[in-house]
Amino acid sequence: MTNPVINIAVRPLVEYVFSSGDLSSGFRTMTTLVEGTKAHQQVQRQYGETDQKEVYVSAEIPYGDLLFVVDGRCDGLLAEEDGLMTIDEIKSTSGDLALITEETYPVHWAQARCYAYMVARERCLPRMRIQLTYMQLPTGELKRYREEADYAELESFVQEVVRQYAPYAEMLRTHREARDRSISQLSFPFKTYRAGQRKLAGAVYKTIEEKVSLFAKAPTGIGKTISTTFPAIKAIGEGHLQHLFYLTAKTITRTAAEEAFALMQAGGLHLHAVTITAKDKVCFQEEVSCRKEDCPFADGYYDRINGAVLDILTHETLIGRQVIEKYARKHRVCPFEYSLDLAYAADAVICDYNYIFDPKVSLKRMFGEQKSRTALLVDEAHNLVDRAREMYSAELSKADFLALQRGYKGMNAAVYRAAKAVNGFFIALRKETEGPHRVDRNKPEELLGLAEEFIFHAEQELASPGPGAGAATEDAALLLQTYFAAQSFVRTGKLYDERYVTYAEITAKDLRIKMFCLDPSHLLREMGKGFRSRILFSATLSPLSYYRDMLGATPEDYTVSIPSPFAREQLDVTIHPLSTRYRDREQTKDALAELLRQLALGRSGNYLYFFPSYVYMNLIYELVTAEPMENVRFLVQQGAMSEQEREDFLAAFDADNKETLVGFAVMGGIFSEGIDLVGDRLTGVAVVGVGLPQIGLERDIIRDYFNEQNKDGFDYAYVFPGMNKVLQAGGRLIRSENDHGVLLLIDDRYLHPHYNRLLPEEWR
């Protein structure tokens, strides 16, 4: 029998073995010590004619009953005059080179030594020279360290690296063998498929098999989570995948995914499923601070993380928030960073969209080979359009730079001057701008240059406090916040193309400039590149042509539309043609309030009334409750609700309520999608208005842009996003074969063909 093969790149191998020390403080330079293309090219331009760059190397290294196939790409392979070959490993930093000594980064030496071993082995060389080249950006200053080693030393070093990694590799191998055996025996976790479920599951599997993407419109209540995760897991068992990401927009849909994996585990599935929870929610400290002085879970994190990862993956499979917190306390590691480290080893990861699609927070260490064996399951994909617009947009505020200019005057001259220059740009812009805003199709090159200069000096202050160390706490916090905003702004500038505009918005107290992504489809497609498949699904992916356009479909990608599995008789739909337009609300408010009162008094039960805004909702709530209603209780969604308050709101919708319960909520909010109130927990839903976003500058810019693209700009900016909220809100009502309910659509526009055709067939 051949030895089991472990394929791994040099970088993750040495990072596992040699990473040590603390989590960085709240400040972490975005460009520090990464293999930046700019630095590579600048150094490589100095190479001689016989020198080589970006050289692929690999080696087979047996260890015990495992065979490690290790590969990578070294930055430079130099032919020296003395006959020795030199490995050149290039790193870039925006920090002070004086802070980097020969011993600062053992992981860099380890990476270069592995490359040196593979070159020496392949070319039968008795001795190698190893060079670390550090470049300071943007100055271009270089600092180099060199050492020499003979082949026996290099071989011994690599063997030791492999020996330290082997227990982790063996655990993963054993786990994956057990996983694949369990998948081969796994049955669909319900006795029968609901109508449409088999079709959706089949489409998901075929999509993964053929390495394309799928846009699936599947109705509420069909069981989309199990219909997408089950075939994806089967694809893992067949060798098409090694990993899947279940991406969501809301915590509540993350819970549905966790429940689906638990259901399959009960049916015999053995699989590592990790849930990533936002840092501010999972942090053990009262205030989030990753400085070792403030947090014992950050102090020495990398010294303990390998043991923590090995422990939890050996003993657990469903690794949600509570499990992660338990093991994080046991091993004294940050629970958030722990979950990120676990994500690279897990079979399935449940997390927010941004960990894949947002360049600011994505999982950076995913390599090409891992991506090519990973599928993305994008739940409630209709949310991704506006979320992506924000991910790929960035803004700066004048007030922040003015405050920094004042705070660092006399404290740090460089930060003071850089902040003053940005503030001066804003002042000049305000003087030359007439009216409250200004829209420009060009990239703000001058401001981007000033922002880069600010970043450079802010990094010096944040990384190595000098004269400015005495800055007030609030100034230091603002510097860090503004530094990150400037980094995001500069990064977005690199994405800027014809799908962007730059707009300035001027108020009495501030001026902000935003690079606004109008059409995120291209960037979503780029961020999804390399993954085997994207499965984007929602009950309200309608019209499909719009979502294919906005979410970056290619001509090869599939589309599937699943009809509702429920009988038309389960839903009693009434359209009440009362105008809810802003200009008519004063005239129609009393009639609307009376209509909603009568709905609650007509049949006892639990009701949800959805409104397009908090202001409108509160206005009607006051009118409805102005007169006492016997045996009727009211709840109102608040603008900022804690998780406990949300849970209490939903828990009130009890099937055994003795009195009628009416909940007032907003469309597009936390209660309008992703919640299941099955059976008598929900009797009726009233949707007030057609959900159109409030008319404003950004929506009008989107409208004008798509009009220029020969598309219906008003539909793209207002109608389609608005009606999606309507479909989501109404979709709360029928969640199973036994549900019955009343749906009231209140607006005269529902009778207009343009809006009516966007309603589901069973609503018309």
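FYI, the numbering just counts along the sequence from 1. Reckoned from all heavy atoms, side chains included, excluding hydrogens, waters and symmetry mates.
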*Asks:* Answer yes if the side chains of Glu155 and Gln159 hold a donor-acceptor pair under 3.5 Å, and no otherwise.
*Replies:* no
*Asks:* Looking at Phe516, is its backbone amide N or carbonyl O close enough to the side chain of Tyr392 to form a donor-acceptor pair, meaning the two atoms are under 3.5 Å apart?
*Replies:* no
*Asks:* We want to know whether Thr174 and Glu177 form a side-chain donor-acceptor pair, criterion being a heavy-atom distance below 3.5 angstrom.
*Replies:* no
*Asks:* Run the salt-bridge test on Arg129 and Glu148 with the 4.0 Å N-O cut-off and return the result as yes or no.
*Replies:* yes
*Asks:* What's the verdict on salt bridge (Lys or Arg N to Asp or Glu O under 4.0 Å) for Glu390 and Lys514, showing C-alpha distance, side-chain angles and the deciding distance?
*Replies:* CA-CA 11 Å; Glu390 284 308 303; Lys514 184 170 183 175; 3.2 Å; yes
*Asks:* For the side chain of Tyr115 and the backbone of Glu89, is there at least one donor-acceptor N/O pair under 3.5 Å apart?
*Replies:* no
*Asks:* Which class fits the ring pair Tyr134 and Tyr105: parallel under 30°, tilted 30 to 60°, perpendicular over 60°?
*Replies:* tilted
*Asks:* Should the heavy atoms of other residues, nucleotides or ligands under 6.0 Å from NZ of Lys443 be counted, would the total exceed 12?
*Replies:* yes
*Asks:* Centre-to-centre under 6.0 Å for Phe157 and Phe18, is that the case here?
*Replies:* yes
*Asks:* Under 6.0 Å between ring centres, would you say that holds for Phe454 and Phe401?
*Replies:* yes
*Asks:* Measure from the side-chain N and O atoms of Arg548 to the backbone N and O of Thr554, and report whether any donor-acceptor pair falls under 3.5 Å.
*Replies:* yes
*Asks:* Is it true that Gln41 and Lys53 share a donor-acceptor pair across their side chains at a distance under 3.5 Å?
*Replies:* no
*Asks:* For residues 415-424, please give each side-chain donor-acceptor pair under 3.5 Å, one per line with the distance, not counting sequence neighbours.
*Replies:*
from	atom 1	to	atom 2	distance (Å)
Asn423	OD1	Lys398	NZ	3.0
Asn423	ND2	Gln405	OE1	3.2

*Asks:* Could you tell me whether Tyr117 and Tyr151 have their ring centroids closer than 6.0 angstrom?
*Replies:* yes
*Asks:* State, without any angle test, whether His522 and Asp497 hold a side-chain donor-acceptor pair at a distance under 3.5 Å.
*Replies:* no
*Asks:* Verify, without hydrogens or angle tests, whether Tyr338 (side chain) and Ile305 (backbone) share a donor-acceptor contact under 3.5 angstrom.
*Replies:* no
*Asks:* Do you see a donor-acceptor pair shorter than 3.5 Å between the side chains of Arg179 and Gln242?
*Replies:* yes
*Asks:* Identify the two heavy atoms, one from Asp299 and one from Arg304, that lie closest to each other, and give their separation to 0.1 Å.
*Replies:* O-NH2, 2.6 Å
*Asks:* OG1 of Thr133 to CZ of Arg144: how many Å apart, nearest 0.5 Å?
*Replies:* 4.0 Å
*Asks:* Ignoring hydrogens and geometry, is there a side-chain-to-backbone donor-acceptor pair from His108 to Leu132 under 3.5 Å?
*Replies:* no
*Asks:* Scan side-chain atoms only and decide if Gln131 and Glu147 contain a donor-acceptor pair under the 3.5 Å cut-off.
*Replies:* no
*Asks:* Quick one: does Glu153's side chain have a donor or acceptor within less than 3.5 Å of a partner on Asp150's backbone?
*Replies:* yes
*Asks:* Do the ring centers of Tyr558 and Phe215 come within less than 6.0 Å of each other?
*Replies:* no
*Asks:* Check whether any side-chain N or O of Ser156 sits under 3.5 Å from a backbone N or O of Ala152 as a donor-acceptor pair, and report yes or no.
*Replies:* no
*Asks:* Can you tell me how far apart OG (Ser488) and CG (Asp358) are? Round to the nearest 0.5 Å.
*Replies:* 7.5 Å
*Asks:* For the pair Lys292 and Asp22, find out whether any cationic side-chain nitrogen is under 4.0 Å from an anionic carboxylate oxygen.
*Replies:* yes
